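The block underneath contains the structure these notes are about, expressed in structure tokens.
Note that the structure is predicted; figures quoted are calculated from it, not measured. Letters go in sequence order (proteins before strands), and every chain restarts at 1.
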2 protein chains.
Amino acid sequence: MENDPISRYRRFSRAVTRQVGALDQSFLGRGRPLGAARVLNAIGQGRCDVADIRTYLGLDSGLASRLLRSLEDEGLIETRTHPDDGRRRIAKLTATGRTEFNAYENLSDEAADRFLSDHPAPDALLEAMDLIATAMNRHAVAIERVDPTSGDARYGLERYYAELARRFEEGFDVSLSCDPEASDMVPPRGAFLVALSDGLPVGCVGLKGNGSTLGEVKRLWVAPDARGAGLGKRLMAAIEDEARALSMDTLRLDTNRALPEAYELYMRNGWTEIERFNDDPYPDFFFEKRLV
Amino acid sequence: MENDPISRYRRFSRAVTRQVGALDQSFLGRGRPLGAARVLNAIGQGRCDVADIRTYLGLDSGLASRLLRSLEDEGLIETRTHPDDGRRRIAKLTATGRTEFNAYENLSDEAADRFLSDHPAPDALLEAMDLIATAMNRHAVAIERVDPTSGDARYGLERYYAELARRFEEGFDVSLSCDPEASDMVPPRGAFLVALSDGLPVGCVGLKGNGSTLGEVKRLWVAPDARGAGLGKRLMAAIEDEARALSMDTLRLDTNRALPEAYELYMRNGWTEIERFNDDPYPDFFFEKRLV
DNA sequence: CCATTTATCTGACTTTAGTCTGATAAAATT
DNA sequence: AATTTTATCAGACTAAAGTCAGATAAATGG
């Protein structure tokens with residue numbers, strides 16, 4: 001065989017196609033066509049809006065309607081009209097539907113567990129999977145405002161701190177840095193954003209405020225896997241929007257010489273280098289931007 | 001989202017399912033149902049035996065027959081009866097069939113290329129893909145006898161030498177080691193085996209002979225991704241079979257202290273440590289095994 | 001040589017997926 | 001208030017996938 005990139009990609013593609021096919025087969029074992037199973041799964045995942053289900057699964061409206069009807073006849077879901085819009089419909093699992101949904105979930109979970117536990121180095125495998133999934137989702141990264149103490153925020157921050165510790169010559173200990181209070185990064189004082197790639201945090205940024213029109217951008221991080229797609233720029237634009245919404249007119253931030261790509265990002269996006277404005281031991285450079 | 005192993009696996013699974021689905025969609029663009037396209041692809045890949053195609057694609061005999069007929073009607077394949085067994089049939093691409101097969105190949109290649117060239121670090125991506133594909137194929141590794149100068153053999157040997165260079169304290173330079181002549185690892189003097197995981201070399205082993213009943217096992221290597229599945233043991237058993245087939249009765253080998261897992265493998269599989277029998281600078285341990 | 005097995009094929013049939021048209025009713029627009 | 005748009009649904013239809021029961025002919029095993 002050739003071992004050029006395309007052959008290697010295609011070998012990967014064959015392997016996962018087989019794996020995906022095997023899972024579909026196991027889904028059929030529950031005596032329901034795949035189409036109906038997919039709709040049930042979409043609803044179980046919390047997609048209740050019928051139009052949403054339709055676009056998510058790429059279904060024709062007639063087909064979607066029939067699949068919903070078949071699930072309803074089985075007693076797995078209930079539909080009712082949307083409270084705000086009488087044309088739209090909402091689907092919800094019944095108790096038996098929940099049970100059946102869980103059965104599908106278990107099939108998926110078991111397939112995952114079987115694969116991972118069969119391997120001597122599951123951590124390496126998972127890192128490879130994250131890398132690939134992030135690459136495949138790279139044009140569908142969603143930025144969401146979350147509480148800085150939420151699981152997703154903490155996950156991002158931990159990876160951020162770990163990376164600083166690796167990259168700073170002097171290491172990094174968050175307790176020595178001026179770690180903002182969580183309450184300063186929650187509206188109405190500030191905000192905290194995470195970038196999610198199909199649920200996995202691949203970036204974050206915080207906005208620390210004190211009630212005045214001056215804000216400070218903190219904790220900008222983009223996961224290594226997700227770099228090169230302009231996510232840093234998107235996060236900065238999003239946090240500036242948050243600042244504007246909080247009536248701020250000036251933002252500041254600091255950064256370290258071990259993070260040249262951050263320095264470049266600020267330079268390219270309207271930030272001006274200014275004098276040191278704090279006595280945090282880590283930063284080497286200080287920036288300001290006036291919002292318009 | 002949860003970031004436990006199973007959620008991460010399932011996120012990966014969602015991403016590749018989408019990707020695979022998109023490729024299938026592009027296949028449909030050639031105006032042929034997926035089933036027929038799959039059969040055409042199987043034949044193009046060299047699966048000519050109808051029974052083989054059927055089991056490979058998991059098709060009912062009736063369905064397979066009809067799909068073959070439709071491809072034949074399109075003038076893409078020709079079938080004839082097997083020369084050794086009048087019941088079996090052989091399918092072969094016609095010239096137009098070859099063209100059409102290449103068109104599908106191009107669609108796949110383009111999808112691969114689009115994905116890889118869209119990413120800032122395709123090498124990391126490919127390594128991750130190799131890791132995952134090897135893990136998914138781990139129970140389907142084929143051992144084949146090849147010429148030690150073939151591409152697959154050289155690929156394995158290069159990775160083997162690179163690993164020795166990493167692991168030996170003193171480094172490794174193959175020109176300083178007693179590198180066997182390729183002709184000593186080809187029947188009737190010797191043999192060379194590679195382990196292929198869906199085409200990718202993930203292991204190798206050589207048998208160097210001089211026409212006598214004494215042989216030497218050389219270049220045993222198992223790719224890091226493929227370890228932990230007993231492949232080393234399988235390769236050793238296979239090379240012993242080769243030795244027996246060449247009427248050898250005694251095998252020798254040497255190994256280095258930086259490769260403890262190899263030492264353990266030999267100890268567990270009937271090899272006896274003996275005195276140094278060559279003046280190669282690298283090995284620290286010497287083994288012998290009498291074949292029964 | 002004869003019974004059995006094996007590989008393939010054919011035709012009838014069912015299920016699943018997907019498309020298209022028109023109906024209905026609610027919302028949005030004029 | 002009338003018209004248009006939107007979301008859903010139902011029914012008719014087609015295409016594709018899959019199943020099943022023989023039919024056929026070649027190989028195999030006594």
Side-chain angles (χ1 to χ4, degrees), chain A residues 17 20-22 24-43 47-74 76-92 104, chain B residues 17 20-22 24-43 47-74 76-92 104:
Chain A
T17 301
V20 165
D24 281 355
Q25 277 303 108
S26 83
F27 275 14
L28 287 177
R30 297 204 65 78
R32 195 170 292 109
L34 269 182
R38 273 196 261 271
V39 172
L40 185 67
N41 276 298
I43 297 170
R47 292 178 190 274
C48 48
D49 201 300
V50 169
D52 180 30
I53 294 168
R54 224 165 39 208
T55 54
Y56 175 64
L57 297 175
L59 299 174
D60 169 272
S61 70
L63 180 52
S65 182
R66 228 165 316 120
L67 291 171
L68 285 167
R69 220 53 53 228
S70 83
L71 291 172
E72 211 165 24
D73 292 348
E74 277 195 274
L76 301 177
I77 63 167
E78 278 166 353
T79 60
R80 60 168 204 280
T81 62
H82 193 288
D84 302 344
D85 183 340
R87 293 168 302 181
R88 295 161 70 187
R89 309 218 79 197
I90 301 285
K92 234 190 78 185
Y104 283 108
Chain B
T17 301
V20 165
D24 281 357
Q25 276 303 108
S26 83
F27 275 14
L28 286 178
R30 295 205 65 78
R32 197 169 290 109
L34 267 183
R38 271 196 261 271
V39 172
L40 184 68
N41 275 299
I43 296 170
R47 293 178 188 274
C48 47
D49 201 299
V50 169
D52 180 29
I53 294 168
R54 224 166 39 210
T55 54
Y56 174 63
L57 297 174
L59 299 174
D60 170 89
S61 70
L63 180 52
S65 183
R66 229 163 314 121
L67 291 171
L68 285 167
R69 219 53 52 228
S70 82
L71 290 173
E72 211 163 22
D73 292 348
E74 277 196 273
L76 302 176
I77 63 167
E78 277 166 353
T79 60
R80 58 169 206 279
T81 62
H82 193 287
D84 301 345
D85 184 339
R87 295 167 301 182
R88 293 161 70 186
R89 310 219 80 196
I90 301 285
K92 233 190 78 185
Y104 283 108

Listed pairs, N/O of protein and of nucleotides 23-26 of chain D, under 3.5 Å:
from: D:dA26; atom 1: O3'; to: B:Gly86; atom 2: N; distance (Å): 3.1

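- A:Ile53 places none of its side-chain heavy atoms less than 4.5 Å from the side chain of A:Arg38.
- When the nearest nucleotides of DNA chain C are assigned to B:Val50 and A:Pro33 by heavy-atom distance, the more 5′-ward of the two goes with B:Val50.
- Atom P of nucleotide C:dC9 and atom CG of B:Leu59 are separated by 13 Å, given to the nearest angstrom.
- The 5' end of DNA chain C is approached more closely, in terms of each residue's nearest nucleotide, by A:Arg38 than by the other of A:Arg38 and A:Pro83.
- Across the protein-nucleic acid pair, A:Asp73 atom CG and D:dC9 atom P stand 12 Å apart, rounded to whole Å.
- Taking both residues in full, the closest heavy atoms of B:Leu71 and B:Leu40 are given as CD1-N, 3.8 Å, listed atom of the first, atom of the second, then distance.
- Taking atom CG on A:Leu63 and atom P on D:dC13, their separation rounds to 18 Å, with Å as the unit.
- The side chain of A:Leu68 lies closest to D:dC9, out of D:dT19, C:dT19, D:dC9.
- Nearest heavy atom pair, residue B:Thr79 against residue B:Ile77, reads CG2-CD1, 4.2 Å.
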Name every donor-acceptor pair, under 3.5 Å, that has one atom in a side chain of residues 56-69 of chain A and the other anywhere in the protein, sequence neighbours excluded.
from: A:Asp60; atom 1: OD1; to: A:Gly62; atom 2: N; distance (Å): 2.7
from: A:Asp60; atom 1: OD1; to: A:Leu63; atom 2: N; distance (Å): 3.3
from: A:Arg69; atom 1: NH1; to: A:Glu72; atom 2: OE1; distance (Å): 2.4

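- Whole-Å rounding puts the A:Asp60 CG to D:dT8 C1' distance at 11 Å.
- You'll find that the side chain of B:Arg54 is closest to C:dA7, out of C:dG18, C:dA7, C:dT10.
- Separating the CZ atom of B:Phe27 from the C1' atom of D:dA16 is a distance of 18 Å, rounded to the nearest angstrom.
- One atom, NE2 of B:His82, and another, P of C:dT6, lie 17 Å apart when rounded to the nearest Å.
- One interatomic measurement links the two molecules: CG of A:Leu28 to P of D:dA17, which rounds to 15 Å at whole-angstrom precision.
- Distance from the side chain of A:Arg69 is smallest to D:dC9 among D:dC9, C:dT8, D:dT8.
- Neither OP1 nor OP2 of D:dT6 sits under 4.0 Å from any side-chain N or O of A:Arg88.
- Rounded to an integer number of Å, the gap from CZ of A:Arg80 to P of C:dA25 is 21 Å.
- Using a 4.0 Å heavy-atom cutoff across all strands shown, B:Arg66 reaches at least one base atom of the nucleic acid.
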